[in-house]
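Reading through the structure tokens given below for one structure.
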Amino acid sequence: MQPDKAITTHASRQLPGDLAMWLFIGAELTAFALLFMVYASSRALHPEVFAQGQSQLNSQIGLLNTMALLSSSYFVVNAVASVKAARRHWAIGHLLVAIGFGLAYVVLKSIEYYQSFSAGYGLTTNVFYQYYFLLTGFHYLHVILGLILLTWVTPKVAANDYTVGNTSGLESVASYWHMVDVLWLVLFPLVYLLH
Amino acid sequence: MIKALLRFILWLLLLLLTLASASFAEQPDMRLYGLIIVLLITVVKATVISEFFMGLAGAPWLWRALMMAYVPVIASTIGTIFFLT
């Protein structure tokens, strides 16, 4: 009986979503890992420039953005659970709230960029702003892609395209969105908190 | 119902940990400890997201291990670089 149980247990361990999405997530995490290391190494070489640059950032917006992405992730996981429980209307509601929090992130980040540009800071100001805009801008584009994907799956949930045993597409999008959240969890302390 | 409650509690925990890390980072007299605490909080938050939100607790061990190791490796490397400079 034991070997059968072991086989069953092994077979039941599945990745949420498609393997292709997880390979993509792996590539994205690797790219960001390199950017994080480049940022940290550059900070080690130019501590004064980075300290001065970080002091100009609006950490309150950074904090609110962290809250927004964490909340969005929470509503996305609730949406997936609702589809698995055949509660389609709840799933749509959760997805719409998740999209709302994602949009809040985009608006807040755009305000922050506007404030930086208005104050005369740009990509060519110094090495700090070069990496700040590169890192956060790259992540910002990922948030927008995630929002497009969430907006794409919401009508599919409404149309009952995902059913109790068929949630792979939705789980792939959810996994991507959680990855975007995890990346911000590293970015937030790296750029805003650790001076 | 229990899983929904667990997710809700974890969401509140994530928000509280975020506020805590911002608070620790602003303490001027605990630079090294602040660095360690903020990075540890980051690791805990990322683990919660990976295990409970992404659902990797039920994934094949290799993918789970890769995801679980990602933020600790990044955080310890960043911490080492920051500590040495």
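Convention: sequence-line order gives letters A, B, ...; per-chain numbering from 1.
Most heavy-atom pairs under 4.5 Å with chain A: of the set B/A75, B/P60, B/S50, B/A25, this distinction falls to B/P60. No other option in B/T77, B/T42, B/L66 has as many heavy-atom pairs under 4.5 Å with chain A as B/T42. When A/L194, A/V182, A/T66 are compared by the number of non-hydrogen pairs under 4.5 Å with chain B, A/L194 comes out ahead. Among the candidates A/A40, A/P189, A/S71, A/S73, the residue making the largest number of heavy-atom pairs closer than 4.5 Å to chain B is A/S71.
At a 4.5 Å heavy-atom cutoff, A/A174 makes no contact with chain B through either its backbone or its side chain. Using a 4.5 Å cut-off between heavy atoms, B/L15 touches chain A through backbone and side chain atoms alike. With a threshold of 4.5 angstrom between heavy atoms, A/F75 approaches chain B through side-chain atoms but not through N, CA, C or O. Within the 4.5 angstrom heavy-atom criterion, only side-chain atoms of B/L39, from C-beta onward, approach chain A. In this structure, the portion of B/A57 lying under 4.5 Å from any heavy atom of chain A is its backbone and not its side chain. Contact of A/L69 with chain B is not made at all, since no heavy-atom distance falls under 4.5 Å. Proximity to chain A is limited to the side chain of B/Y70, based on heavy atoms less than 4.5 angstrom apart. For chain B, the nearby parts of A/W22 are the backbone and the side chain; heavy atoms of each come within less than 4.5 Å. For a residue to count as touching a neighbouring chain, one of its non-hydrogen atoms must lie under 4.5 Å from one of that chain's; by this rule B/F52 touches chain A with the backbone only. Within the 4.5 angstrom heavy-atom criterion, no atom of A/L45 approaches chain B. Both the backbone and the side chain of A/N78 come within contact range of chain B, each with at least one heavy atom under 4.5 Å from a heavy atom of that chain.
Checked by atom type, the side-chain pair B/K45/B/T18 shows a donor-acceptor distance below 3.5 Å.
Ring pair A/Y113/A/F117 is tilted by interplanar angle, where 30° to 60° counts as tilted. Ring-plane geometry between A/Y192 and A/F188 is classed as tilted, the angle between the planes lying from 30 to 60 degrees on a 0 to 90 degree scale. The aromatic rings of A/F32 and A/F36 are tilted relative to each other, their planes meeting at an angle between 30° and 60°. Taking the six-membered ring for Trp and thresholds of 30 and 60 degrees, A/Y140 and A/Y105 have ring planes inclined between 30 and 60 degrees apart. Relative orientation of the B/W11 and A/Y74 rings is parallel, given thresholds of 30° and 60° on the angle between their planes.
A cation-pi contact links A/R43 to B/F82, judged by a cut-off of 6.0 Å to the six-membered ring centre and 45° from its axis.
We find the CD-OH distance between A/Q56 and A/Y129 to be 5.0 Å, quoted to the nearest 0.5 Å.
For A/H94, the side chain to side chain donor-acceptor pair (under 3.5 Å) test picks out no residue, with sequence neighbours left out.
Under the 6.0 Å cut-off for aromatic ring centres, A/Y39 and A/F50 qualify, their centroids lying closer than that.
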